[in-house]
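Beneath this line is the structure, given in structure tokens, with notes to follow.
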Amino acid sequence: MGGAALTLITPWTTTICYDYPEADGAMNVRVALDHRVYDGKLIARALAEIEKELLGSIRHELAGLRQRAAA
């Protein structure tokens, strides 16, 4: 229905949340963090690196598996 929790009260310093994948494979990922422990730039860089790997080497590997299964 479009809702998202923007603030979480937890005993942990970091919580990662993600939505269901869209039809095109896109997925929203959110990280709630304790700014007293982490600099937001660190988390932003980590999310960018995760996205890079998912859209790069992992996507390439999955495409190769699909090709082998079709053969």
Side-chain angles (χ1 to χ4, degrees):
M1 295 174 43
L6 301 176
T7 304
L8 299 174
I9 299 173
T10 69
W12 302 286
T13 58
T14 310
T15 302
I16 189 166
C17 306
Y18 50 90
D19 295 335
Y20 290 105
E22 301 290 333
D24 65 356
M27 183 185 315
N28 289 321
V29 177
R30 294 174 184 85
V31 176
L33 61 121
D34 186 337
H35 289 277
R36 298 169 297 177
V37 178
Y38 293 108
D39 180 0
K41 290 179 186 178
L42 173 68
I43 301 300
R45 279 185 257 152
L47 286 173
E49 187 65 26
I50 290 169
E51 181 179 37
K52 177 181 159 192
E53 290 300 319
L54 287 171
L55 294 176
S57 60
I58 294 174
R59 184 182 203 177
H60 179 72
E61 181 177 347
L62 292 173
L65 290 173
R66 186 180 309 151
Q67 289 174 354
R68 275 190 265 156

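Cluster annotation: L47 and V37 are assigned to the same hydrophobic cluster (Ile/Leu/Val/Met/Phe/Trp/Tyr, side-chain heavy-atom contacts under 4.5 Å, transitive). Criterion: ILVMFWY side-chain heavy atoms under 4.5 Å apart, direct or through other members. Under it, L55 and L65 are not part of a common hydrophobic cluster.
Atom CD of E51 has 12 or fewer heavy atoms from other residues, nucleotides or ligands within 6.0 Å.
Taking every heavy atom of both residues into account, D19 and M27 meet most closely at O-CG, 3.1 Å.
From I50, atom CD1 reaches atom CD1 of I16 across 5.5 Å, with rounding to the nearest 0.5 Å. Atom CD1 of I43 is separated from atom CZ of R30 by 16.0 Å, given to the nearest 0.5 angstrom.
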After noting the C-alpha distance and the side-chain angles of T14 and V31, does the key distance pass the side chain to side chain contact (heavy atoms under 4.5 Å, CB included) rule?
CA-CA 7 Å; T14 310; V31 176; 3.7 Å; yes
Working for side chain to side chain contact (heavy atoms under 4.5 Å, CB included), residues N28 and Y18
CA-CA 6 Å; N28 289 321; Y18 50 90; over 6 Å; no
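Ion pairing between R36 and D34 holds under the 4.0 Å rule for side-chain N and carboxylate O.
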